[in-house]
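All values below were derived from every heavy atom in this structure, side-chain atoms included, with hydrogens, water molecules and symmetry-related copies excluded.
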Amino acid sequence: AHDVELATLFLDGKSSEVIERLVAEMDVAASKLEFEKAARLRDQVTALRRVQERQYITGRVGENVDVVATAERDGAACIQLLVIRDGRNLGNKAFFPQGTGDAAELLDAFVSQYYLREERFGGEIPKEVILSSALADKDLYEGLLAERAGHKVTLSNRVRGERARWLDMARHNAEIALGNRLNSRATLQSRFDALCDALELDHIPNRMECFDISHTQGELTVASCVVFDITGPVKSDYRRFNIEGITPGDDYAAMHQALTRRFSRLKREDARMPELLIIDGGKGQLGQAREVLRSLGVVDVRLVGVAKGSTRKPGLEQLFLDDDHQAITLRADSPALHLIQHIRDEAHRFAITGHRQRREKARGKSPLEAIPGLGPKRRQELLKQFGGLQELARAGVEDLQRVKGISRQLAEQIYNHFHQSSQ
C-alpha cells in the first residue's frame, strides 16, 4: 500500500514529494542502523532523480493540463491524450474508437466517456483540457467536469505559445499512431490472404484457436488456448486448463483433455466455434484433435498441426493438415508462415506463463496445508520441533505424537500424507 501510494504521487507529477519522503525514510533507517534498508532507499532516490532529469520540463511548475487531439484517415480514427503534470510531460496514450465521425464528434464522445463515466479510474481531472477542435456543448461539459473535479475546468482549443506546441505534438502523435495501426492492419490482411492460399481455404477464417502444452518434466501440466480473429489476438477469449489425472509427461493425453474440455463447453453453451484449429505439434497431436472433434460431433473446423523441423529452427516448421498426411513446408519468408508462427508463439507464451504461475503457487504452499485438522499453530509447532520440513517428513508416528496438540489419529494422517505422496 505504501509503494502504491508513492507510485500514485509520482504519476500525478509529485515526484519531488516522493523523493522527500524516501529521503526521510532513509534517514530513519540509517539512525536505526538498518543500513541495507537505507541503501535500498538511497538507490530508489537516485533512480527517481534520474527520471526527473530525463523528463522534459514543458511548462511552469504546478501546471496540470491534458491535451487531446484527433486524426482520421481511411475510415479509422485515433485520439491522442498528452498528459502534463506539474509542468512535466508524463507521456501520451492513443485511443482507437470503433466508430468514425468528424473531429468534434470524436472529441465529444471521448470527453464524456473518459472524464465523466462513473467507473472512471485515474488521476484527478486537470484545470485545463486542450482540445484540437471546439465542442458544441462546451459550457455544458465545463460545468459537468467542474462538478466531478471539485474545481473549475476550462476546455480550450484556441491556444498560443507553449500550449500550441503541445497541441501540435498531440496531433503529430495521433497521425503517427493511426498510420502505424493502419499499416499493421494491412500487414495482417496480407498474412491472412497468404494463409488462405497456403492452406487452400475457401475464405479467411473469422476465428482461429491454437493450443499448446507446458510442463516441467511432466509436473503441473498446463494447456493454453489462444484466440485470433481478422484483427489479431482476442485476449478476452484466451483460456488455460490445469491438466490432471494423466501420466506425467503424456502430452497426447494432455492435449486430448484440454480439447475435450474446451469443445465440450463450446457445444454445451452453443458458443462460437473456431473455423481453424491450430495444434502445436505434429501428426500425433493432430490425431488427438481429430479424435476429440469426431467424438463430440464437431464439424466444419479445419485442423492444422505445426511441427518443428528436424533442426527445430524457426522458419523450418512443417504443417500437417487434417485431410493430408503429407507435410507442407512453407518458405521462411512466407507471410502465411509468419502468421502461424505468431499464433503458435502466443499460445506457447500463454502456456508457459500459466505453468510458471502454477509452479510458483505450488512451491509457495506448504505440504502441511493439505492435511485436514492441522492448523497454522500446529504446523508451526511441528516445524519448530523437528527443525524443518525434511526432518518432519522422516518422523514416525510415535515421534509426531510427542508434539503438543498432535493426537495419535492426526500423527497417523501426517505420516501417511508424506509417505503416500512419495510413492
Side-chain angles (χ1 to χ4, degrees), residues 195 198-201 205 207-228 233 237-266 273-296 298 301-332 334 336-356 358-359:
L195 182 68
L199 302 184
E200 298 181 355
L201 303 177
R207 185 180 179 88
M208 299 178 293
E209 294 188 3
C210 181
F211 283 73
D212 189 24
I213 305 294
S214 180
H215 55 76
T216 300
Q217 297 179 340
E219 296 298 322
L220 303 174
T221 301
V222 172
S224 70
C225 168
V226 300
V227 180
F228 277 62
D237 288 354
Y238 283 17
R239 295 293 182 269
R240 289 195 186 103
F241 304 90
N242 290 335
I243 305 301
E244 306 287 356
I246 65 169
T247 302
D250 188 345
D251 287 354
Y252 290 167
M255 183 65 73
H256 193 282
Q257 183 179 133
L259 291 168
T260 300
R261 289 164 61 182
R262 173 64 170 174
F263 282 90
S264 294
R265 182 166 186 173
L266 292 179
M273 292 281 182
E275 295 180 30
L276 183 67
L277 176 58
I278 301 172
I279 303 297
D280 186 13
K283 293 181 180 179
Q285 294 283 39
L286 195 65
Q288 296 297 320
R290 187 183 298 111
E291 180 182 328
V292 169
L293 297 186
R294 186 184 297 119
S295 66
L296 294 174
V298 176
V301 176
R302 187 74 181 272
L303 291 172
V304 178
V306 185
K308 295 181 176 65
S310 56
T311 61
R312 303 181 69 83
K313 291 183 179 179
L316 299 178
E317 289 88 349
Q318 293 181 319
L319 306 182
F320 293 92
L321 307 184
D322 56 343
D323 55 358
D324 191 351
H325 294 289
Q326 296 297 319
I328 298 175
T329 302
L330 300 178
R331 291 178 41 162
S334 165
L337 180 60
H338 294 166
L339 177 59
I340 291 173
Q341 288 172 333
H342 180 194
I343 299 171
R344 186 271 317 274
D345 291 347
E346 178 67 356
H348 189 56
R349 178 200 65 79
F350 196 55
I352 287 177
T353 302
H355 169 64
R356 285 175 179 167
R358 192 180 182 194
R359 185 178 62 194

(request) Determine whether His355 and Leu220 make a side-chain contact, defined as any pair of heavy atoms from C-beta on separated by less than 4.5 Å. (result) yes
(request) Report yes if some heavy atom in the side chain of Gln285 is under 4.5 Å from a heavy atom in the side chain of Phe211; otherwise report no. (result) no
(request) Answer whether the closest heavy-atom distance between the side chains of Leu276 and Leu195 falls below 4.5 Å. (result) yes
(message) Side chains of Glu317 and Ile340, heavy atoms from C-beta outward: is any pair under 4.5 Å?
(response) no
(request) Identify the heavy atoms of His215 and Thr221 that sit nearest to each other, and give their distance. (result) CB-OG1, 3.5 Å
(request) Nearest 0.5 Å please: distance from the CZ atom of Arg265 over to the CZ atom of Arg239. (result) 6.5 Å
(message) Check Glu244 with Arg358, please: is the shortest side-chain N to carboxylate O separation under 4.0 Å?
(response) yes
(request) Calculate, to the nearest 0.5 Å, the distance between atoms CG and CD belonging to Leu330 and Gln341 respectively. (result) 9.0 Å
(request) Using the side chain to side chain contact (heavy atoms under 4.5 Å, CB included) rule, take Met273 and Leu293 through it: C-alpha gap first, then chi angles, then the decisive distance, then the call. (result) CA-CA 11 Å; Met273 292 281 182; Leu293 297 186; over 6 Å; no
(request) Indicate yes or no: at least one non-hydrogen side-chain atom of Phe228 is less than 4.5 angstrom from one of Cys210. (result) no
(request) For Ser214 and Val222, indicate whether the former's side chain and the latter's backbone hold a donor-acceptor pair under 3.5 Å. (result) no
(message) Is any side-chain heavy atom of Asp251 closer than 4.5 Å to one of Met255?
(response) no
(message) Keeping Arg207 on the side-chain end and Val227 on the backbone end, is there a donor-acceptor pair under 3.5 Å?
(response) no
(request) Determine the minimum heavy-atom distance between Gly284 and Tyr252, stating which atoms define it. (result) CA-OH, 3.5 Å
(message) Working to the nearest 0.5 angstrom, can you tell me the gap between Thr260 OG1 and Leu296 CG?
(response) 6.0 Å
(message) Test side chain to side chain contact (heavy atoms under 4.5 Å, CB included) on Leu266 and Val298; report intermediate values, then the result.
(response) CA-CA 10 Å; Leu266 292 179; Val298 176; over 6 Å; no
(message) Check this for me, if you would: do Glu291 and Arg294 make a salt bridge, where the nitrogen-to-carboxylate-oxygen distance has to be below 4.0 angstrom?
(response) no
(request) Considering non-hydrogen atoms only, spot the tightest contact between Phe263 and Glu209 and give its length. (result) CZ-OE1, 4.4 Å
(message) Which heavy atom of Arg240 sits nearest to which heavy atom of Gly354, and what is that distance?
(response) NE-CA, 3.2 Å
(message) Please find the pair of heavy atoms, one from Gly305 and one from Leu286, that lie closest to each other, and give the distance.
(response) N-CD1, 3.5 Å
(message) Working to the nearest 0.5 angstrom, can you tell me the gap between Tyr238 OH and Thr353 OG1?
(response) 11.0 Å
(message) Taking Leu199's backbone N and O only, do any of them form a donor-acceptor pair with Arg302's side chain (distance below 3.5 Å, no angle check)?
(response) yes
(request) State the CD-CD1 distance between Gln318 and Ile328, to the nearest 0.5 angstrom. (result) 10.5 Å
(request) State, yes or no, whether a side-chain contact exists between Val306 and Leu319 at a heavy-atom distance under 4.5 Å. (result) yes
(request) Give the minimum heavy-atom separation between Ile246 and Ala253, together with the two atoms involved. (result) CG2-CB, 3.9 Å
(message) For the CZ atom on Arg349, are there more than 12 heavy atoms of other groups (residues, nucleotides or ligands in this structure) within a distance under 6.0 Å?
(response) yes
(request) Flag the pair Val292 / Gln288 as yes when at least one side-chain heavy-atom distance between them is below 4.5 Å, and no otherwise. (result) no
(request) With rounding to the nearest 0.5 Å, note down the distance linking CD1 in Ile213 to CG in Asp250. (result) 10.0 Å
